[in-house]
Number of protein chains: 2
Amino acid sequence: MITVINMAKRKPGSPKICDCQGARKSRRREAVVEVLSSGPGHLNAEQIHKAAQKRLPGIGIATVYRALKCLCGCGKVSEFIPADGVARYEPAGSRAHHDHLICTACGCFTEAVDPEIERLQERLAAKHGYKISSHRLEIYGLCPCCSKKV
Amino acid sequence: MITVINMAKRKPGSPKICDCQGARKSRRREAVVEVLSSGPGHLNAEQIHKAAQKRLPGIGIATVYRALKCLCGCGKVSEFIPADGVARYEPAGSRAHHDHLICTACGCFTEAVDPEIERLQERLAAKHGYKISSHRLEIYGLCPCCSKKV
DNA sequence: TGGAATAATGATAACCGTTATCAATATGGC
DNA sequence: GCCATATTGATAACGGTTATCATTATTCCA
């Protein structure tokens, strides 16, 4: 089954919350955007749903998933899936690419980038004849706070 | 609910296929080990199940999952979960750590290591006060074969 | 060489995050 | 306001994985 998100029949110039062709503006989708842009980042769908319900009681989980998919599709939000298999979302756009340090004790996320690592990844991929489209680096361990407690 | 895999009451010296305390030897678990050590690597549970059924018709998927969990627990097998959320398994032990290049077109996996990247990861983690326990680097893109076809 | 204790197994229900379905509702262009 | 259609909420379905439970296999010990 092929899923197409509102790609057809949209007349140009109509309002849109994301750049998907044919998307209409809606308060639920706006609420999801607000949650993401005001929240701490790295939220999963359930957490986004709960936060969105405070703004719009009654908003359904399916709507949240649909909004996230739409927003990811047009690049406003980026999704990443850590080792627990549960997708996390963060506002993209103005935010640069980064990797994640993930605490195995408290589950917190820290963003980090090392330009040298980025460059070496390109080199590694080229060495194996790969054309990179994306990459994912996650470092698991104890965050400063949790390593003190041990 | 706490899950304990045969941790209690085992008398020392009994045969074991893995180093889990209390584990008995069984043909199913051996079959899973054989599949993993003879196969191409990066197999998911379903693929391992199919391969194991050729050796032991009737072996159930639950047994495969249980064997994999046991073998992962004692370090004989390593599990990793790429962006599709489906766990892949490969024999550990003699095999060194490596990262993965994953083709977004054909889905094939290539193993790769760059010692410099490994070192820089340590540095990045230290910079943020993290004590690394593990890490995961996946590079997505087109493999040499698929990038020719485009 | 049994037999008791208990670990392993297969079938299958349950689980959980996510997606599809569908009727009802909201939106935007006119 | 009306029409076409995009969006929504409730919920069923889905796919990978885990738990349950009665049955079978393994190990230890007499």
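Keep in mind the model is a prediction, meaning the values are calculated, not measured. Throughout, protein chains are lettered first and strands after them, A, B, ... in sequence-line order, and every chain is numbered starting at 1.
- Straight-line distance from the CZ atom of B:Arg27 to the P atom of D:dT26: 7 Å, rounded to whole Å.
- Evaluation of the salt bridge (Lys or Arg N to Asp or Glu O under 4.0 Å) rule for A:Glu122 yields no partner, not counting sequence neighbours.
- At whole-Å resolution of the value, CZ in A:Arg66 and C1' in D:dT11 are 11 Å apart.
- At whole-Å resolution of the value, CD in A:Gln47 and P in C:dG17 are 11 Å apart.
- The side chain of B:Tyr65 contributes an N or O atom lying less than 4.0 Å from OP1 or OP2 of D:dT17.
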Salt bridge (Lys or Arg N to Asp or Glu O under 4.0 Å) assessment of B:Glu116 paired with A:Arg123: CA-CA 11 Å; B:Glu116 252 183 281; A:Arg123 191 182 75 179; 3.4 Å; yes
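- Toward the 5′ end of DNA chain D lies the nearest nucleotide of A:Thr63, the other residue of the pair A:Thr63 and B:Val86 mapping further downstream.
- Atom CD1 in B:Ile59 sits about 11 Å away from atom P in C:dA11, given to the nearest Å.
- Rounded to an integer number of Å, the gap from NZ of B:Lys69 to P of D:dT18 is 5 Å.
- Salt bridge B:Glu34/B:Arg55: present, at least one basic N to carboxylate O contact under 4.0 Å.
- Within the structure, a side-chain polar atom (N or O) of B:Ser26 is placed less than 4.0 Å from OP1 or OP2 of C:dT9.
- Ring geometry, A:Phe109 versus A:Phe80: the interplanar angle exceeds 60°, so the pair is classed perpendicular (tilted spans 30 to 60°).
- Checked by distance alone, B:Arg24 brings a side-chain donor or acceptor within 3.5 Å of a matching partner on the base of C:dT6.
- Checked by distance alone, B:Arg28 brings no side-chain donor or acceptor within 3.5 Å of a matching partner on the base of C:dG10.
- Note: CG (B:Asp84) to C1' (C:dG17) measures 14 Å, nearest angstrom.
- Remark: P of C:dT25 and CG of A:Leu56 are 18 Å apart, rounded to the nearest angstrom.
- The nearest whole Å value for the distance from the CD atom in B:Gln53 to the C1' atom in C:dG10 is 11 Å.
- For A:Arg29, whose side chain is taken as the heavy atoms from C-beta onward, the closest listed nucleotide among C:dT18, D:dT17, D:dT8 is D:dT8.
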